[in-house]
Q: 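Dropping a structure here in structure tokens format, bear with me for questions.
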Amino acid sequence: MPELPAAVTVSKLEAARRQLATAIELWFRDKDQVSIHALAYAAYEVVHAISKKQGRTQTLIFDAIAVPERFRRVFAAHVKKGANFFKHADHDPNGTIELQPVLAEIFFIFSILGLRSVDIPANEYESAFLWWFHLNRPDLLTQKGRELFTKFAPVDALNEVRSWPKSEFFDVFLQARSSLGTTSI
């Protein structure tokens with residue numbers, strides 16, 4: 001009889017980072033949106049709870065100051081709707097849902113912000129997503145958010161990189177980061 005694989009010890013935060021990395025890679029590769037959403041949400045939920053317990057002062061999705069206190073439960077339920085749909089079937093075994101893929105990107109952003117709020121720097125997957133997001137969704141960033149990125153790269157180079165498919169951007173980014181031996185990009 002073959003031996004069973006050895007047990008793996010993993011912390012909640014490590015599990016969340018691995019789920020987030022997998023979701024980001026699947027997203028860059030344009031893979032299954034349900035899996036991306038489920039992994040991104042699971043990672044976000046853990047990062048939200050852990051960063052809150054570790055004293056983050058920045059608000060994230062579930063405690064967003066932009067949402068009035070009296071609406072936060074309804075807002076949180078709406079944000080959780082897709083993830084809950086994917087993992088529970090007791091009330092609606094034949095149900096369907098209209099999935100909003102952009103929510104995964106929001107979970108990515110707020111997971112990364114939650115990690116940074118407790119001094120955990122972005123890893124290569126998280127950095128790749130942040131750079132792609134800055135280049136391709138600058139209208140969703142504040143002026144300060146855009147300035148953080150543009151000081152690192154000339155505009156001509158940014159315009160060329162914007163034209164690359166997501167998967168190409170991801171591969172080039174990871175290779176560049178690896179060959180430079182840095183965690184600063």
Side-chain angles (χ1 to χ4, degrees), residues 12-13 15-51 58-67 71-117 120 122-142 145-146 148-149 158-174 177:
K12 287 186 182 280
L13 190 57
R17 302 268 328 259
R18 289 166 67 173
Q19 288 173 320
L20 183 59
T22 300
I24 289 170
E25 182 168 9
L26 291 172
W27 179 86
F28 269 112
R29 306 276 185 229
D30 289 320
K31 298 296 183 182
D32 182 61
Q33 293 178 357
V34 170
S35 298
I36 294 166
H37 186 93
L39 288 166
Y41 176 80
Y44 171 74
E45 192 173 37
V46 170
V47 169
H48 177 90
I50 289 174
S51 64
Q58 176 177 346
T59 63
L60 298 180
I61 298 172
F62 296 152
D63 49 17
I65 59 172
V67 178
F71 296 124
R72 283 194 190 147
R73 285 183 60 151
V74 172
F75 175 74
H78 183 70
V79 169
K80 295 176 183 182
K81 186 177 180 179
N84 287 333
F85 180 85
F86 299 140
K87 62 183 182 176
H88 302 293
D90 50 346
H91 297 294
D92 60 349
N94 298 316
T96 61
I97 191 169
E98 188 172 304
L99 179 64
Q100 299 296 328
V102 71
L103 282 174
E105 294 178 29
I106 293 168
F107 293 138
F108 295 165
I109 291 288
F110 281 95
S111 294
I112 296 165
L113 288 173
L115 292 165
R116 283 192 173 176
S117 74
I120 298 172
N123 64 26
E124 65 271 19
Y125 291 83
E126 296 156 3
S127 292
F129 176 77
L130 289 174
W131 275 97
W132 184 94
F133 191 84
H134 168 263
L135 291 170
N136 294 280
R137 305 246 199 278
D139 53 318
L140 298 179
L141 295 170
T142 63
R146 288 188 295 273
L148 284 173
F149 288 93
L158 296 177
N159 288 333
E160 180 184 339
V161 172
R162 278 186 188 100
S163 69
W164 297 351
K166 284 189 321 191
S167 61
E168 183 179 347
F169 174 90
F170 186 61
D171 292 336
V172 170
F173 184 92
L174 293 180
R177 188 168 160 142

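These numbers come from a predicted model, not from an experiment.
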Q: Got a sec, which pairs hit salt bridge (charged side-chain N to carboxylate O under 4.0 Å, His left out) with one end in residues 104-114, sequence neighbours left out?
A: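 Qualifying pairs: Glu105-Arg137.
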
Q: Could you tabulate the donor-acceptor pairs under 3.5 Å formed by side-chain atoms of residues 73-82, not counting sequence neighbours?
A:
none

Q: Could you give me the CA-CA distance, side-chain angles and deciding distance for Leu20 and Val47, then say whether side-chain contact (heavy atoms from CB on, under 4.5 Å) is met?
A: CA-CA 10 Å; Leu20 183 59; Val47 169; 5.8 Å; no

Q: Mind checking what makes side-chain hydrogen bond (donor to acceptor under 3.5 Å, both in side chains) contact with Thr59, not counting sequence neighbours?
A: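 Result, side-chain hydrogen bond (donor to acceptor under 3.5 Å, both in side chains) vs Thr59: none returned.
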
Q: Once rounded to the nearest 0.5 Å, what's the spacing between atom CZ of Arg17 and atom CG of Asn123?
A: 4.5 Å

Q: Judged by atom type as modelled, is there a donor-acceptor pair below 3.5 Å linking the side chain of Ser127 to the main-chain atoms of Glu124?
A: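 Not a single qualifying donor-acceptor pair exists.
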
Q: Applying side-chain contact (heavy atoms from CB on, under 4.5 Å), can you list everything that pairs with Asn136, at least two apart in sequence or on another chain?
A: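 Listed in chain order: Trp132, Arg162.
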
Q: List in chain and number order the residues that pass side-chain hydrogen bond (donor to acceptor under 3.5 Å, both in side chains) with Tyr41, two or more places apart in sequence or in another chain; answer none if no residue qualifies.
A: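 Only Glu45 meet the side-chain hydrogen bond (donor to acceptor under 3.5 Å, both in side chains) criterion with Tyr41.
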
Q: Atom CZ of Phe169 and atom CG of Leu174: how far apart are they, to the nearest 0.5 Å?
A: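 Going from CZ on Phe169 over to CG on Leu174, the span is 9.0 Å.
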
Q: Holding to salt bridge (charged side-chain N to carboxylate O under 4.0 Å, His left out), I want the full list of residues that pass it with Arg116, two or more places apart in sequence or in another chain.
A: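 By the salt bridge (charged side-chain N to carboxylate O under 4.0 Å, His left out) rule, Arg116 matches no residue at all.
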
Q: Kindly write out the residues that satisfy side-chain contact (heavy atoms from CB on, under 4.5 Å) with Phe110, not counting sequence neighbours, or none if the list is empty.
A: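 Phe110 satisfies side-chain contact (heavy atoms from CB on, under 4.5 Å) with Tyr44, Leu60, Ile61, Ile106, Leu113 only.
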
Q: Got a sec, which residues hit side-chain hydrogen bond (donor to acceptor under 3.5 Å, both in side chains) with Asp171, two or more places apart in sequence or on another chain?
A: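 So Asp171 forms a side-chain hydrogen bond (donor to acceptor under 3.5 Å, both in side chains) with Arg29.
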
Q: Rounded at 0.5 Å granularity, tell me how far CG in Leu130 sits from CD1 in Ile24.
A: 7.5 Å

Q: What residues, two or more places apart in sequence or in another chain, satisfy ring pair (Phe, Tyr, Trp, His ring centres under 6.0 Å) together with Phe170?
A: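 Phe170 satisfies ring pair (Phe, Tyr, Trp, His ring centres under 6.0 Å) with Phe28, Tyr125 only.
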
Q: Specify whether Phe133 and Phe129 have parallel, tilted or perpendicular ring planes, treating 30° as the upper limit for parallel and 60° as the lower limit for perpendicular.
A: tilted

Q: Leu99: which residues meet the side-chain contact (heavy atoms from CB on, under 4.5 Å) condition with it, sequence neighbours left out?
A: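 side-chain contact (heavy atoms from CB on, under 4.5 Å) list for Leu99, sorted by chain: Gln33, Val34, His37, Phe86.
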
Q: If the condition is side-chain hydrogen bond (donor to acceptor under 3.5 Å, both in side chains), which residues does Asn84 pass it with, not counting sequence neighbours?
A: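 Residues passing side-chain hydrogen bond (donor to acceptor under 3.5 Å, both in side chains) with Asn84: none at all.
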
Q: Looking at Val46, is its backbone amide N or carbonyl O close enough to the side chain of Lys12 to form a donor-acceptor pair, meaning the two atoms are under 3.5 Å apart?
A: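 Checked: no pair found.
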
